[in-house]
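To keep things clear, I will list the structure first and then write my remarks on it.
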Amino acid sequence: MSSQENVLLITDSKSDVEEVVGYFQQSRLGLKLHCIYVPEAGRRLLSQAPAEILLLGFHTIEAAQGFHERLLHGSEAFRSSACETILLCGKEETEEAARLVRARLVDDYFVFKPIYDPFRLQTCFVQALERRRLRAKTTNLLQVAAEGRSRSGRAQELVGKAVQAGRRLRDDSGTALEEARSRFDEALRACSKEIQSELEEARGQAGPEVAQCLERQFRHRLDQELRRLNKRLQKLQDEWIKKVEEYRLPKPRPRQPDQSAEAGLVLVVDDDYAARELMMAILQPRGYHFELAENGYEALMKVAKRLPDIAIVDLFMPGMDGIELTRRLKSDPATESLPVIVTSSHSTKEKAILSKQVGAEAFAVKPLNSDFLLKTVDELFE
Amino acid sequence: MSRRSLRHDLLAPLSSIQGFADILLSRQLSQEDSQRYLTIIRDEAKRLATLIESAFEDESDFEAEDPS
């Protein structure tokens, strides 16, 4: 033990003093002993110059009537001195001393009667000094913790203030943003109105010319789109007819024996409704039956279902035209004997020759001559 | 629209009108047939008028195309 510690002995027993003093003389702990016989005087002394270790005679406590309790709890100065209290007692007082220790009224007790053990006393002192050191350390730590709590509290307070300031700022900025948006919307509406007005004015000035221009553009686009669709349709129709041919068209059913020549079946193929009606009107006096088709593909299907006696085919049709239809009818053994009359509003010699080349029996020019058509049909029926 | 296509489109209703008119003039028809043919004539005439209107509007378009 390097530094000298003060030990205050308060007792009413001279024999206690002798033995303790004897111990101090022998020990090398470096402790300085002060002996007081009067408890109140000892208390005053402690409040003025606190000792590190207090040795209390057991009977001193009883005699002082609660002095020790007052000493421990009543004197803040005494407690803050972190004085270690060791009770000196006899063997018969051991139980009470232990109770006082458990009640934390004293820190330790030392039995020196009837046998005095100086080593045990030394141990008590060493432990007391260690407890004091630890207590001081704990006190320091508690102070540091208290300071930390205090700082933390201040920090929390500052954070709270910052949060409040942030909220106020957010609220203010939110209001400003709303206001800005409102102004922007208003400006946008005004601008849109102005542009709309200018546009309408421009339209009014440009007027019919613009409308006409737009209409022409629209018609042109429509025409292009129509052509594209027609091409696509033709392609699809070609593909479809190829597939049909792959499966072989069913053999046309021959005419029934009971059907007379007057009630023959005429297939009229024309994409124009009025032209089909006209054909039927012209041939009406002969009492024929009619099968109608709007294009070459439909005609092939009708022929496949039932073979007519004669086919009157328009030359110019979308998809499969009359020339191609005649070529197909004439190239199929099942329909090659079917008489075909090609009609056309194109009275060119080339078309008439082409019709004959693909196998058509006759070529009639539109507007149709009723007599010529009736005569041709009659001849083909014979 | 090509010249060839326009020609075909204009002649088609005209042929029908002429054909039905010939039939009406040359035959004794029932009231029902006469009514039906006259209706077709009227409809085809309307169609022809529409086609002519359209053709003249599109004049610049077909003039730009190859006449062949």
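The chains referred to below are lettered A, B, ... by the order of the sequence lines, with proteins before strands, and numbering in each begins at 1. Quantities reported herein were computed from a predicted structural model and do not represent experimental measurements.
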Interchain contact, N369(A) with chain B, by part (heavy-atom threshold 4.5 Å): neither
N/O donor-acceptor pair under 3.5 Å between R27(B) side chain and I282(A) backbone: yes
Identify the heavy atoms of [X] and [Y] that sit nearest to each other, and give their distance.
X: K366(A); Y: S15(B); result: CB-OG, 3.7 Å
X: A274(A); Y: I40(B); result: CB-CG2, 4.0 Å
X: L278(A); Y: G19(B); result: CD1-C, 3.4 Å
X: S370(A); Y: I23(B); result: OG-CG1, 4.4 Å

Just how far is it from atom [atom1] of [X] to atom [atom2] of [Y], taken to the nearest 0.5 Å?
X: S16(B); Y: D270(A); atom1: OG; atom2: CG; result: 8.0 Å
X: Q284(A); Y: L29(B); atom1: CD; atom2: CG; result: 7.0 Å
X: D9(B); Y: F316(A); atom1: CG; atom2: CZ; result: 7.5 Å

Validation row: D272(A), E44(B) side chains within 4.5 angstrom (heavy atoms): yes
Verdict with supporting geometry, H8(B) and L315(A), side-chain contact (heavy atoms from CB on, under 4.5 Å): CA-CA 11 Å; H8(B) 175 268; L315(A) 190 146; over 6 Å; no
Contacting moiety of D43(B), where chain A heavy atoms sit under 4.5 Å: neither
Enclosure of Q35(B) CD (heavy-atom neighbours >12, cutoff 6.0 Å): no
Criterion side-chain contact (heavy atoms from CB on, under 4.5 Å) on E277(A) and Y37(B), from CA distance to verdict: CA-CA 9 Å; E277(A) 288 290 322; Y37(B) 296 163; 5.6 Å; no
